[in-house]
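Structure first, then comments.
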Amino acid sequence: MSQAQTNKTRKTRSVFARLTSGIRRPAKIHDFHGGIHPPEMKHLSNGTPITAGPLPQQLILPLNMHIGAPAKPLVAPGDKVLKGQMIAEPIGAVSAAIHAPTSGTVSAIGPRPIQHPSGMDAVCIVIDTDGEDQWIEHQGTIDYTEKSPAELVDLIRHAGIAGMGGAGFPTSIKVNLGDHQRVEQLIINAVECEPYITADDRLMRERAEQIITGIHILQYLLNPRRTLIGIEDNKPEAISAIKRACKGCDIEVRVVPTKYPSGGEKQLIQLLTGKEVASGQLPAQVGVVCQNVGTAYAIKRAVCDGEPLISRVTTLTGDGVSQPGNYEVLLGTPVRDLLAHGNLAGLDIGRLVMGGPMMGFTLHNPGVPVVKTTNCIIAASPEELPEPPPEQPCIRCGSCAEVCPANLLPQQLYWHAKNDDLEKAQHHNLMDCIECGACAYVCPSHIPLVQYYRYAKAEVRQQAADQVKADKARQRFEARQARIEQEQAEKEARRQARLEANRKKKEAGPTAASTVDVAALKQASLDASKAYKAAVKAAKAAEAEGADNLAELKAEADRLKAVADKAKAAVRDAKDGAPVAAAPAEDTVAKLKKQVGDASSAYKAAVKVAKAAEAEGADNVAELKAEADQLKAAADALKAELREAKTNAPASAAPVTQADPVAELKKQVGDASSAYKAAVKTAKQADEDGADNAADLRAEADRLKAVADQLKADLRDAKANAPASPAPVAPTASTAAAAEQPDPVAALKKQVGDASLAYKAAVKAAKQADEDGAGNAADLHSEAGRLKAIADQLKVELRDAKAAAPPTPKAAPATTATTDSPAVPEEQAPQSLAEVDPEQAAKRQKRLKGLKTAYNMAHKQYKEAHAAYERAERNETASADELQAMQGKIDKLKAKADNARDALDALVEEAKADIRAHTGKDLKTLKLEAARAESALADKQQELEQQRSSASEDTLEALSSELQALESETQIARKALKQAVEEQGLAE
Amino acid sequence: MTAVLIAVAALLALAAVFGAVLGFASEKFKVEGDPIVEQIDSLLPQTQCGQCGHPGCRPYAEAIAEGEEHNRCPPGGQDTVVALSDLLGREELTLDDEGAEDANVAKVAYIREDECIGCTKCIQACPVDAIVGAAKLMHTVIVDECTGCDLCVEPCPVDCIDMLEVKPTLQTWGWQRPAGIGERPDSRIEVVNL
Ligand code: SF4
Ligand code: SF4
Ligand code: SF4
Ligand code: SF4
């Protein structure tokens with residue numbers, strides 16, 4: 001058909017319609033703006049009655065055939081379903097149910113191509129039909145007025161009825177307006193204005209009675225003041241059939257002139273009532289409800305016959321099929337089957353269109369199913385629906401504006417859409433465009449105007465969605481900011497509160513004399529535990545080095561631990577009985593003690609220097625000796641003073657652990673260590689299994705170990721303090737350790753052994769005497785003390801010899817023997833360390849930390865990757881290539897970790913070298929020295945404790961002064977070590 | 001002559017009266033306009049990605065209001081630059097994105113969940129709290145909340161976060177713009193020009 005002819009037909013028809021509209025119809029029919037008269041092409045399919053569609057092998061039922069939320073499947077693949085069985089239920093308010101259109105088996109629920117212009121897939125229920133078409137039990141309602149409107153609405157919802165005209169809006173919502181909304185007019189849309197489509201026409205001709213029943217049900221539900229059926233004047237048979245059917249009831253049949261798109265909802269409302277539905281309004285807001293005739297028919301079937309919506313009348317037309325006509329098609333029937341059923345003549349279908357030629361869309365896949373909204377399938381030859389010609393520039397002819405039924409300015413919309421000027425397009429009511437295609441139909445430049453509008457609408461929606469999302473993001477962001485700020489404020493507040501509390505405590509502090517004491521004790525306890533830690537470290541270092549004095553070091557560490565624990569206990573005791581302990585006499589004694597200690601350490605140092613000098617044959621030996629003697633005299637004087645002071649002051653309380661608790665403690669120790677062992681085992685097991693709580697378990701094990709150690713120390717203390725076992729544990733241990741030492745030391749060792757034997761014998765004798773009440777008990781005691789002192793002296797010598805023996809054959813007796821020159825005082829280390837550039841050290845420290853983190857991270861990643869690799873290998877989930885790739889990744893990570901570690905090591909080495917350069921000793925030596933000094937100190941302390949009960953005043957005195965001396969020595973060593981370590985950033 | 005004078009006087013009087021009326025009206029019916037920062041902020045995409053060098057979109061809006069260049073928002077793209085230029089009456093700059101990826105491709109973070117070690121680093125990085133998870137447990141991204149800002153990718157120690165393109169769904173799909181003059185329209189559109 002040529003363009004000219006079309007235009008001519010259109011014009012004549014339009015003029016005719018306008019001329020006759022006033023004459024033929026009594027009721028006033030209004031008009032709407034614009035509209036077109038495309039060739040109707042209805043004769044192709046309206047000549048034959050509706051026949052049943054095919055029963056395809058497979059039915060594909062998309063979960064959303066309607067507008068709104070997709071239905072939720074009620075069946076699973078493999079389920080047998082009967083015709084009319086609900087297979088998906090409506091979810092939410094705007095949704096509709098889906099029913100099996102025939103009996104069969106659900107074969108799949110998954111994505112299939114659906115009725116969407118995008119050509120995308122969506123989830124569908126696929127039913128393999130069994131050909132029996134067996135109905136589920138169903139029952140209609142003979143008198144629907146027996147049911148309440150609410151029941152009927154529910155029935156309609158569960159019958160899956162959605163607008164059959166094209167939009168597919170769930171009907172149950174449209175018929176459930178609520179009481180407050182008065183329906184003036186119920187309009188039944190039977191216009192069917194699009195070319196080609198004749199489904200409603202045939203339905204009205206053949207099933208008018210049923211349609212009218214459906215309309216009655218709608219009237220019952222909505223209670224409208226008037227009910228109007230709008231039918232175009234090109235369907236005279238349908239008009240007469242409907243008029244016949246509704247004779248005697250209050251339904252008015254309104255015949256409207258043929259014009260596209262009078263079937264548009266707003267256009268029809270305007271035609272029949274003269275009301276205009278404003279932009280953004282719903283018909284219900286002007287008191288009108290529109291329903292399609294097909295929907296009315298479906299409602300009748302659902303309510304009166306109990307049949308849900310499982311089929312619909314679809315027009316199959318176009319000159320591609322040799323048997324065009326209307327078919328009652330099962331929902332879900334693939335278009336392919338329908339075409340075959342209609343005797344597809346067409347080797348040459350130009351286009352396959354679902355819906356009408358104006359508002360439908362081209363199908364690219366004939367497997368798409370017929371759904372609730374599919375009113376027409378056009379299989380058009382290329383001549384019938386040719387490819388649209390190329391777009392030409394707009395000539396501003398204005399034809400589009402003339403035909404636009406929505407009274408828009410299509411040309412303006414086009415410009416704005418083309419330039420992405422969405423705001424202006426919206427300003428020109430873009431969103432009111434009903435996409436009728438009238439403007440594109442008349443456009444002489446063949447501009448695909450509708451596609452421009454659809455594009456612009458999609459953009460507008462996208463922008464709105466983006467805006468919503470952006471707002472949400474902004475809110476969340478702001479909420480997060482607020483939360484973080486609040487957290488920080490809270491933290492700050494807590495910090496302030498802590499500071500405040502501390503300050504108050506400090507202010508309150510000086511008022512109680514005891515606090516100072518306790519503080520001092522605390523310091524002591526801290527020092528003790530530090531010493532212990534240092535010793536442990538030294539032991540570890542030694543272990544790493546494979547040093548042979550390991551056992552000794554460990555024993556020392558344990559002893560130190562005991563000391564630390566004791567110190568802690570002392571702190572606790574002091575806290576309990578603080579006011580009592582705050583005697584001024586004690587202070588004097590302490591001061592004196594310190595002086596004594598200092599003096600004797602000075603003396604000792606002098607002796608040492610003298611000895612060294614002697615060994616070297618220096619000639620100032622005599623002088624040095626004299627000096628030493630002088631110092632000794634001073635020390636003695638001080639000691640005497642101390643003794644005096646002590647007699648005035650009450651003796652310091654000895655720890656009070658009794659013998660009884662020993663057994664108990666032993667048991668506890670046993671328990672604790674078995675718990676520890678069990679924990680270690682679990683941890684190991686976990687490690688092997690690669691469980692991720694291995695670290696936790698290990699930590700737990702460590703904790704248990706600490707507990708066990710603590711208990712052991714307690715036990716040892718208890719034992720030491722128990723009068724029943726005066727034999728010191730430590731000497732035995734050190735003797736045992738000494739037994740492993742090489743030759744030069746052997747002599748000394750023997751001496752030590754003899755001495756301690758003698759001492760023990762003496763103690764025994766003294767005890768015996770005590771028990772016998774002999775008068776010489778005191779003498780014996782003092783003898784024992786003397787022997788002990790000798791033994792100790794020998795022990796110290798032995799230790800020194802041992803320490804000096806392995807590294808240097810030169811028999812330097814002092815603990816600090818490794819210093820280069822005998823004349824150099826002990827303060828040397830800190831002094832030279834002070835020269836280290838603190839800035840550099842800090843930098844190193846930082847770098848060290850960074851490297852450590854890097855190494856840890858890399859190592860963790862490596863381990864992770866390795867685990868993943870192994871997992872993949874084990875499960876054979878990954879292909880060889882993937883494994884290869886993973887291996888590569890692992891190697892890379894390993895290299896990274898190794899690099900980090902190397903760098904770390906290098907840095908540590910550097911630091912150590914620095915320490916060596918600055919102190920003349922390497923770190924290990926320093927550590928060992930510190931540990932040794934501390935262990936000596938611990939020894940002494942223990943001894944003192946033991947002697948307290950048995951030894952005489954004098955011995956105690958000597959011991960305590962020695963203790964002081966050792967203490968200061970230890971402190972110096974510790975300080976040197978600490979300084980060296982700290983300055984080199986090795987504290988970690 | 002007097003007629004002329006009278007006319008001039010009358011016109012002047014009228015001018016004065018109308019001027020007064022207009023002045024009054026402009027005071028009385030003054031439209032409370034958005035403060036400029038709000039307007040700028042509403043043009044920014046609210047990705048909160050910090051690529052502009054500010055900790056979020058609003059701080060950048062404040063900075064722009066104080067004179068910072070308005071072309072530093074890669075997620076907003078050139079469109080945002082143009083919109084800001086329009087709003088502020090400033091020169092239209094080209095987007096300063098330093099090779100940032102195409103802003104028009106919407107992305108969303110995705111955590112490969114069996115690789116996640118549960119370190120919570122990504123949670124701390126996410127400016128809009130779009131990640132959920134607890135320490136040592138697998139984490140996941142709430143797709144609807146994720147702005148695709150990329151900030152969580154870098155901190156993840158095991159690199160298990162991907163930025164995936166957002167694929168259109170039936171709900172988000174939209175028609176394409178026709179190819180333009182001289183081209184045949186996409187045959188999916190039913191232009192029937194019979
Ligand atoms: S009909 Fe086409 S050419 Fe004419 S004004 Fe409208 S868009 Fe432009
Ligand atoms: S498609 Fe839109 S703009 Fe064009 S005539 Fe129809 S309603 Fe008007
Ligand atoms: S999940 Fe990642 S990409 Fe998404 S918003 Fe959070 S940080 Fe940005
Ligand atoms: S940063 Fe990576 S590993 Fe850590 S929790 Fe997030 S996704 Fe998991």
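For A/Asp466, no part lies under 4.5 angstrom from a heavy atom of chain B. For A/Arg461, no part lies under 4.5 angstrom from a heavy atom of chain B. Contact of B/Asp159 with chain A is not made at all, since no heavy-atom distance falls under 4.5 Å. For A/Ala417, the part sitting under 4.5 Å from any heavy atom of chain B is the backbone (N, CA, C, O) and nothing else. Contact of A/Gln475 with chain B is not made at all, since no heavy-atom distance falls under 4.5 Å. Residue A/Lys418 touches chain B through both its backbone and its side chain, counting heavy-atom pairs closer than 4.5 Å. Looking at B/Thr47, there are no atoms closer than 4.5 Å to chain A (heavy atoms on both sides), in backbone or side chain.
Other residues, nucleotides and ligands contribute more than 12 heavy atoms inside 6.0 Å of the CD atom of B/Glu113. In this structure, A/Glu423 places its CD atom where only 12 or fewer heavy-atom neighbours from other residues, nucleotides or ligands lie under 6.0 Å away. Under a cut-off of 6.0 angstrom, the local environment of CD in A/Glu487 is crowded, with over 12 non-hydrogen atoms contributed by other residues, nucleotides or ligands.
Between the side chain of A/Lys469 and the backbone N or O of B/Cys146, at least one donor-acceptor pair lies under 3.5 Å. Formation of a donor-acceptor pair under 3.5 Å by the A/Arg480 side chain with backbone atoms of B/Cys126 is found in this model.
In this structure, B/Pro178 and A/Pro448 approach most closely via the heavy-atom pair CB-CG, 3.9 Å. Across every non-hydrogen atom of A/Arg476 and B/Asp129, the tightest pair is NH2-O, 2.7 Å. Smallest separation of non-hydrogen atoms from A/Ala473 and B/Thr147: CB-CG2, 3.6 Å.
Between atom CH2 of residue B/Trp175 and atom CD of residue A/Glu435 there is a gap of 8.5 Å, rounded to the nearest 0.5 Å. The distance from the CH2 atom of B/Trp173 to the CD atom of A/Gln462 is 13.0 Å, given to the nearest 0.5 Å. With values rounded to the nearest 0.5 angstrom, B/Arg58 atom CZ is found 8.0 Å from A/Arg474 atom CZ. Atoms CD and OH, from B/Gln176 and A/Tyr455 in turn, are 8.0 Å apart once rounded to the nearest 0.5 Å. A distance of 4.0 Å separates CG in A/Asp420 from CZ in B/Arg177, rounded to the nearest 0.5 Å.
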- [ ] Give the C-alpha distance, both sets of side-chain angles, the deciding distance and a yes or no for side chain to side chain contact (heavy atoms under 4.5 Å, CB included) between A/Ile114 and B/Leu170.
- [x] CA-CA 10 Å; A/Ile114 62 154; B/Leu170 283 176; 3.8 Å; yes
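No other option in A/Lys457, A/Glu478, A/Gln467, A/Arg483 has as many heavy-atom pairs under 4.5 Å with chain B as A/Arg483. Chain A forms more heavy-atom pairs under 4.5 Å with one residue of B/Pro127, B/Gly174, B/Pro55, B/Pro168 than with any other, namely B/Pro127.
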